[in-house]
Undergrad: 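One structure is given below, represented as structure tokens, and several questions about it will come after.
Small disclaimer: the values here were computed from a predicted structure and weren't measured. Worth knowing before you read on, the calculation uses all heavy atoms, side chains too, and leaves out hydrogens, waters and symmetry mates. In the text below, chain A, chain B and the rest are named by the order of the sequence lines, each starting its count at 1.
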Amino acid sequence: MASINTESDDYHPIVILIDELKNEDIQLRLNSIKKLQSIAKALGPERTRTELIPYLQDSVLEDEDEVLVVLSEELGNLIEFVGGAEHAVCLLPPLQILAGAEELVVREKAVESLCKIAKEIPTSSFEESFLPLLFSLSKADWFTSRTSACGLFTVSYPRANAEMKKSLRKTFGGLCHDDTPMVKRAAATNLGSFAKQIEKESVKSEILPLFQSLSTDEQDSVRLLGVENCALLGSMLTNEENIQFILPTIKASSLDKSWRVRYMVARLLKELCESMGTEITKTELIGAFVKLLKDTEAEVRTEASLRIADVCSLLTKEMNIKTILPCVKDLVSDSSQHVRAALAQVIMSLAPIYGKEDTLTHLLELFLHLLKDDFPDVRLNIISKLDQVSKVIGIEMLSQSLLPAIVELAEDHQWRVRLAIIDYIPLLASQLGVEFFDEKLGNLCMTWLGDPVFSIREAATNNLKKLTEVFGVDWAKNNIIPKVLSLHSHPNYLYRMTTLFSISTLSTVVGGDVISSSMVPLLAKMVSDKVPNIRFNVAKTFQTIIPLLDSTIVQSRVKPLLVKLHEDTDKDVKFYASQALQLC
Amino acid sequence: MTEPLDWRFSQTFGGKGNEDASDANVVPAIEFDQTGDFIAVGDKGGKVLLLKRTHDKQSSKKSKLPEYRFYSEFQSHEPEFDYLKSLEIEEKINKIKWCPKQNDAQFLLTTNDKTIKLWKVYEKKIKQVSTSATTTGPSYNGSLASNNTRSPSHTTYIYNSSGAHNMNNNMNNSNNNNNLNNFKIPKLTTRETVVTATPRKIFQNAHAYHINSISLNSDGETYISSDDLRIHLWNLNINTECFNVVDIKPTNMEDLTEVITSAEFHPTSCNIFMYSSSKGTIKLGDLRSSALCDNHAKVFEEYEDPSNKSFFSEIISSISDIKFSRDGRYILSRDFLTLKLWDINMENKPVKTIQIHDYLKPKLCDLYENDCIFDKFECTLNHDGTQMLTGSYHNYLHIYDRNSKQDVCLEASKQATKSKTKTLTTKMKLRSSKKEPKKPEDIHPDAIEYTKKTLHCAWHPKDNLIAVGAANTVYLYAATENK
């Protein structure tokens, strides 16, 4: 196809693109649709409106979803190519059809594009074309179009005149009482954002009843969407109104028979507390929260546990200790490991709220309990948030009980757990200080270099680099480098490789002196390793360290080694050696 | 008391004449859609046949019976091989369910032992290029993807403004002529429509055992699928994950005492579903209470006198099918010998137990030997829950009226098709247990053909119209009020 493309054929690619809108190969069709803007630009606004758009409407709308998704999106980007906002109306008919597609993603994109257009078109076309489209979607036979309609109210409302506003509210009300749960769900999803656009009087008189009816719907999937609306509507109303209209729904939802609804309350608890304000949170929501923490369903407890820190930060310390702490104590030995893991994630954040004294009396015991948990995720979560606690109570308090847990995790039989703990070592090191680290964890870091799993060895070398950054070059020179270099004589070539990787990573932080005094001689030895894999990795390592070395050293000591490697019989070794030589 | 309905044979599909037609055509699933205008029939060969009701006035005047005609047919499942487990997966369609209509297309779920598929059946428009300027141009078949007949020179039609042309001509002209001004965007017109079926989603790799039922939720976006030991909850739009809601697999398979035989969602309450077991119990699960519903909310089980226990007790008490009534108030269950109607508010015993073929009791031993005792008969209710339908041997089917307490026993028979107009009703062996002296007890068990069995049945969602599957044939019966 490219061969036909000559200079005079400026439009040829466009013709091909148009043709390929109907190609059998879906990839070509997709490609063409993605370039719709170029096609439209080449055709000019007039022809795009009169020919291209009708053609798309006729031919492509029965295509596969993959194509329709892209088309829905691209149609929204065509406004400037059909002649600007005043002509954008011509994009509405195909989008109206796409808004009724059976695939959710297609509809969502079509609604997005429709919203984009609704904002730009002039008021006259908005009233003559867009609103009728919205109303016809709302009254369509199939629920697919009606669900799409729900997404258009928020953008339409501010632009409509008083009379239209009234009928928009009425139509929305109709959709909230639709026969199908699908439409009700869509209406519930959009209720909050729609309400934000509406005058407060009408919110109270018209939207609140809708909200209440959706929140008491018999379908769980509709009710649970009402929880989010509690937060959105709540932020628009006064305290008294909240107590009167919203609070009963929140309370009912937190006691709902369906765990999915309760789960939503737990999940959005922070937002709910924020929109209700501190007063209502303290008097009313806290009770609901305690119930959720004691829920029978583990999923709900997990979600509630994750909100503990958020909620506690809104309360006074006394209330925390009196109401929340007993629940936390129970959760520490919850039967579900996921609940405990969630708790471990947030419990450390309580320390700053409690202060040193209360942390020691109330929380420390719980931390230690979780550190001994059977489930590695729980322990990991505790260790990852260690800095928050050590700031409050100091590391000495924790280190005694912490170390056994760390050592145990470091030797866990699941390598992912080991990997996770390695990531926290630099953090721990900075908390613990050099002496303590050398004494307790230094050896551990070295054992990881000989781990049977490559990812662990890789992480271990990176860890050494980070430790060097924390403790300084001198420390590294005395403690790490000798140990690392001693691995070079290991009988297994994979461990010898670890030495090379360590040199590469460490070289960037230790400085030229250390490299030339201890690393280069070692590499000189390894040039004659019997495994080609090692030899070409030596060449690769040279590539990393050459830029860090003084040029005289490079010329006198490195170059001869590379020349030697370049004469190797193995072609990979040759290749990497020649690459390194170019840097000399 | 209302008069009994006069059931008349109306149509058959499949199994043209020869009784031992190819095994592939054995009908294992029949289902009406929500409007009753369509019937889906799945067969052992993985095919799904769709029938559409005609609302043609002439034909209905003649017979006054509803008429269904062939609408479409597609291959839903193919035989597969599970290489990990070295198991063949049959293409046989176990169940079909229609999804609520969301646009002009029809959506249905079909399942074999392992894989559930969501099919879209729609009237696809085949489009044709009809640009005014290229009236003589080659007709360009615009159907996407499905049509392979398009001309090799697919750029042909674009460049020409007029006149006859062929491919070579175009290739020569293209260098001079491909200016956009001369280029016409083709216009399309609909030439014809064809009914097309495309698979929309495939839900697989979730069931370790054989899937025995699927059921859609009233929320319109989820469904459950049950196999011998587990029930999974799916979202129709998501085929990458499902949630396990019931798991009765014991840690040690030697402790296995029962399997799940069927499962169904409540018709209106989105959170309630039920499942039946081989031990004769029906359990009601509540999705609200917990993510995993192993702890059932209700259990329907009839006390059995231990003195009546025999070797066969457990086998014949195994429930083969359960259905909710349309309002969700009653549950109909079928075990080997009886049909039971349960009130959802009464767990300890059924409100009605109907003996279907009591006369088989002395024959259980024979039935065990020829494996008939493991046959799984389906059952179904009509729209208002007053009539119940189930099958039996000898191609008998039984329709029970709850109000009049009458039972109608029909024999689904091929002969009726041959002399359709005259002997339509006389060929039907119409029996009512109250009216006629010949009662079910009179049927002699030795005279029964055990190879002929009406395992599958479905009831029209509104009308008195039933579909019954026996071997490779679907029989349709319609009833009119007796005047």
Undergrad: Taking the six-membered ring for Trp, are B/Trp98 and B/Phe38 parallel (under 30°), tilted (30 to 60°) or perpendicular (over 60°)?
TA: tilted
Undergrad: Identify which part of B/Ser289 has an atom lying under 4.5 Å from any heavy atom of chain A, answering side chain, backbone, both or neither.
TA: backbone
Undergrad: Who wins among B/Glu221, B/Lys101, B/Arg200, B/Arg288 for the most heavy-atom pairs under 4.5 Å with chain A?
TA: B/Arg288
Undergrad: Does any backbone or side-chain atom of B/Ser218 lie under 4.5 Å from a heavy atom of chain A? Answer side chain, backbone, both or neither.
TA: both
Undergrad: Looking at B/Thr268, B/Leu292, B/Leu287, which has the largest count of heavy-atom pairs under 4.5 Å with chain A?
TA: B/Leu287
Undergrad: Apply the side-chain hydrogen bond (donor to acceptor under 3.5 Å, both in side chains) test between A/Asp178 and each candidate in A/Lys184, A/Arg185, A/Arg146; give the one that qualifies.
TA: A/Arg146
Undergrad: Considering the options A/Thr189, A/Val183, A/Leu191, which one meets the side chain to side chain contact (heavy atoms under 4.5 Å, CB included) requirement together with A/Cys150?
TA: A/Val183
Undergrad: Indicate whether the side chain of B/Ser76 and that of B/Thr110 have a donor and an acceptor atom separated by less than 3.5 Å.
TA: yes
Undergrad: Side chain, backbone, both or neither: which part of A/Thr180 has a non-hydrogen atom closer than 4.5 Å to chain B?
TA: neither
Undergrad: Does any heavy atom of chain B fall under 4.5 Å from the side chain of A/Asp65, the backbone, both, or neither of them?
TA: side chain
Undergrad: Does any heavy atom of chain B fall under 4.5 Å from the side chain of A/Glu297, the backbone, both, or neither of them?
TA: side chain
Undergrad: What part of A/Asp141 is in contact with chain B, defined as an atom under 4.5 angstrom from a non-hydrogen atom: side chain, backbone, both or neither?
TA: neither
Undergrad: Measure up the B/Tyr275 and B/Phe273 rings against each other and bin them: parallel (under 30°), tilted (30 to 60°), perpendicular (over 60°).
TA: parallel
Undergrad: Give, as side chain, backbone, both or neither, the part of A/Leu52 having an atom under 4.5 angstrom from any heavy atom of chain B.
TA: both
Undergrad: Test A/Asp334 against every option in A/Lys294, A/Arg340, A/Arg301 by the salt bridge (charged side-chain N to carboxylate O under 4.0 Å, His left out) rule and name the one that passes.
TA: A/Arg301
Undergrad: So, A/Glu64 and B/Thr198: side-chain donor and acceptor under 3.5 Å apart, yes or no?
TA: no
